[in-house]
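Read the structure below first, then the notes.
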Amino acid sequence: MSSSKHLGRRRFIQIGVLAGASAVVISACGETTVVEKTVIKEVPVDRIVEVIKEVPVDVVTVEQVIKEVPVEIIKEVQVAAARPVFVELSVIGGPEAGHLQFEVDAFMEANPNVEFKVNVTADSIAYKVAAPQLFASGDRPDVAWYWVDAKWYQNMAKAGILENLNDLWEREKWVDVLPPSTVEAYTFTDGNYYAVNIDVVLYPFIYNMKEHFDAAGIDLPGRWMESMEDFYAAAEEFRAIGLEPLTYGGKEGWIVGHNHDAMLQKNVPEAKMSELQSNWREGADGQQSFIDPDVLGVHEAMAEMRERRVYADGFLGRNFGDGRGVFTAGKAAMFQDGSWSASEGLLYGEMGEGSKDAFDWMVYPRMRADVEPQMLTYSGNGLMIPKDGLHQDVTQEYIAWVMSKERNGSAAAYGVIPSRLDVEITDDMRELLGPHVSSMLDILPSMGAAQGWDAVVPADLADYSMTLLQELLAGSREPASVGEELEAVAERLRAGE
Amino acid sequence: MAEQPAPPPVRAERRSSLAWRIYRYRLAYLFLVPGVGLIGLFIAYPLVDSLIISLYKWDGLSPREFVGLKNFQRLLIHEPRFWLALRNIAIFSGFTVVGTIGIGFALALAIERRVKGWALFKVIFFIPVMMSATVVGVLWSRLYDSTFGPINAFLHSVGLHQLAFEWLGDPSVALYAIIIVSVWQYGGFPMIMFLAAMENIPLELHDAASIDGVSGWGRIRHIIFPMTRQVFVVMTMLQLIFSFKVFDIVWVMTEGGPGQASTVLGTFLYREAFTFQSFGSASAVAVMMFALIMFFSILYLRFVRPEKIEF
């Protein structure tokens, strides 16, 4: 600043012209690919003065600048003179953090004046409850990962604390490259887009420890057991040889919810299931209710799983990691979790050498002859921009970067599936995804995938259902009352309460 | 001798009005302002705001909608989990208060007797008090694990299989498992208080008791207990208040599960606020907790009047 006081008129004009010419030259270059683009920021005078020594002192007009000064030098001036841009990204731990950090590193390399700070919250439950308040506060991140489903996200969009991304959706033409169901899920009730899906996961699966099946004398099933009786029989065999049959962290409601969702898909025909996913909406006729015999059948089956000791002892007192620990320690024959578990960050990493061949996967057993077992997909892993976040030109470019066809495939390295339909799953990606997720993708077209029930219903239903199911599995609630309670909530929602 | 001039007439004191008192002691009041300000900002204001929020329906993000006493009505009439949480907190508080006071008193008695290593025991029994509840919760969760935990491993090894419960996974046991941890963690605090009170008992009383041939139990009954009765009253009050507000240790160990079996008012409030996004309802729970604690504190003090013993 003090140097500007001593600038003569001639020098001042030179600097001004150079700054203006630089902007003209860069904008005249037209759109470039994201890899080459440099984020242009306002160039302060004192910074320009520091780097101006390479520019001839007799340049005074824009035409002379464009003619005399090579574009490369102008770009260097811009980059060197630009203030670094600091951007904060919030994300939960695990594969999502790995994926986004990888993209952050690549983005920063391509945009040297941008610096990201990635805030990772290891506890996903803590992030889920704290993030909406954070996004609405003065400490909001500039860009954030969050679950885009019918729970907190809906409230955030309704409260107007997320930026509208319509322009980005239109520019990047995501409508054409994402599955229609994803586009629909990401279209808010006001018709706008406030987030975009960056990757997809499949769930829930039952991972089978091969050696335990051998030891119990049970043939590894195909992709599902043909009946619940087969499942119960297998559990008895495992117990007989001192193993826990099925483990997961039942203390965390969402895992119990996945168990429920999987069995709903197996016992409720598709048309009814679709009704169940929307029967809570205001004004819905409620024809398909939660006291339907097919839904009751699911709750009764879960209660029977408890009575027949399919679940590992004490599973309701274990969290996500501890539930998995029983499996990786070799104490349980089966472990329920999503496709994300079969990755270096979780099972492969924890089980070490040889783990990729140590276990196989299946879905929950067939429950009725006329409903084919399917996987479930979750496309709620979304990137969004809290309203009035700083540097929105940068954050939007980052989102576009992650979602570009060239970059979207990098999700595979973290055990999650690219969200774009036009990203080809190459052999390299299969290598990164691992044998289990690769085989899931191979079988997906024939097996098919449905949407999980609790991914599309509001928290009043979804989170309440998890509480009810935990009570069911603890033996303190009867199966019939689970449906009755859910139906009571659905009635209130239908009535607009 | 010349007469002394008459003293000037004494000015009549102004009537002591509040304004005059404040002016007179202005420096003292000035020193009080920061403390009162902080209490107002961080205690009074949130308390009042919580009361106000309890009259609204609010998801924490959108504008608030006034609903009057509907939140209270829903909790008291339509929400069985609230009553379950109330029942559980009554059990938790009851056992924790009796456990910590009883154990604290017993430990203090033992240490006061100067058994060998008494100074070390004093420190050892107080260490859990200094530990964070989160750390204690995680530690005991590992100890209680039915597959990997050392407690069940020990019980199996000595043939006590029937006692090897699913400590945190069995709804009939989980709450009591947490109570044990709470008593373990907080028993040391009353111990220190009782110890200090016991050490202040005049030696002459003990000497007189020895001369009179009073037994150990008699000494406790007729000397130690009466002389530490005020500590009993205060500690009971404090433990009651602390245990009534419990959240952290329950949340870390079971999150109120399995199946809400160990849910207490603190965890219930947390779920209402952050799982179901019903901040109005959560504030109503907080208001009722405050009212209950106040009520029981006043009731307790009214009926338990500690007397001073004079010699």
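Sequence lines set the chain letters: A, B, ... in the order given, protein chains first and strands last, and positions in each chain run from 1.
- Of the listed residues (B:Q277, B:E255, B:R271), the one with the most heavy-atom contacts under 4.5 Å to chain A is B:Q277.
- Residue contact with chain A, scored on non-hydrogen atoms closer than 4.5 Å, is absent for B:D170.
- Salt-bridge check for B:R142 with A:D322: passed, with a basic side-chain N closer than 4.0 Å to an acidic carboxylate O.
- Neither the backbone nor the side chain of A:F135 has a heavy atom closer than 4.5 Å to any heavy atom of chain B.
- Heavy atoms closer than 4.5 Å to chain B are found in both the backbone and the side chain of A:M156.
- Nearest heavy atoms, B:P171 versus A:A474: CG-O, 3.1 Å.
- Applying the 6.0 Å contact sphere to CZ of A:F320 captures more than 12 heavy atoms from other residues, nucleotides or ligands.
- The neighbour count for B:M294 CE, taken as heavy atoms of other residues, nucleotides or ligands under 6.0 Å away, does not exceed 12.
- Sparse packing is recorded around NZ of B:K245, with 12 or fewer heavy atoms of other residues, nucleotides or ligands lying under 6.0 Å away.
- Proximity to chain A (any heavy atom under 4.5 Å) is shown, for B:V67, by neither the backbone nor the side chain.
- Other residues, nucleotides and ligands contribute more than 12 heavy atoms inside 6.0 Å of the CZ atom of B:F66.
- The minimum heavy-atom distance between B:F276 and A:Y464, with the atom names listed, is CE2-N, 3.5 Å.
- Considering only heavy atoms from C-beta on, A:L473 stays 4.5 Å or farther from B:P258 through its side chain.
- With B:E166 contributing its side chain and A:G314 its backbone, the two residues share a donor-acceptor pair below 3.5 Å.
- More than 12 heavy atoms of other residues, nucleotides or ligands sit less than 6.0 Å from atom CZ of B:F247.
- Of the two parts of A:K331, only the side chain, counted from C-beta on, holds a non-hydrogen atom closer than 4.5 Å to a non-hydrogen atom of chain B.
- Of all the listed residues (A:V326, A:I125, A:D313), the one sharing the greatest number of non-hydrogen pairs under 4.5 Å with chain B is A:D313.
- Once rounded to the nearest 0.5 Å, the distance linking CG of B:D59 with CD of A:Q154 reads 12.0 Å.
- A side-chain donor-acceptor contact under 3.5 Å links A:R318 and B:T147.
- Annotation: the span from A:N319 atom CG to B:M253 atom CE amounts to 12.5 Å, rounded to 0.5 Å.
- A:T467 is listed as a side-chain neighbour of B:R81, based on a closest heavy-atom distance under 4.5 Å.
- The two residues B:L61 and A:A136 make their nearest non-hydrogen contact at CD2-CB, 3.9 Å.
- Within 6.0 Å of CD on A:E478 lie no more than 12 heavy atoms contributed by other residues, nucleotides or ligands.
- Within the model, atoms CG of A:D463 and OG1 of B:T275 stand 6.0 Å from one another, a figure rounded to the nearest 0.5 Å.
- Pairing each heavy atom of B:G259 with each of A:E471, the nearest pair is O-CG, 3.1 Å.
- With a threshold of 4.5 angstrom between heavy atoms, B:F148 approaches chain A through side-chain atoms but not through N, CA, C or O.
- Dense packing is recorded around CD1 of B:I180, with more than 12 heavy atoms of other residues, nucleotides or ligands lying under 6.0 Å away.
- Interface residue A:A329: only side-chain heavy atoms are found under 4.5 Å from chain B.
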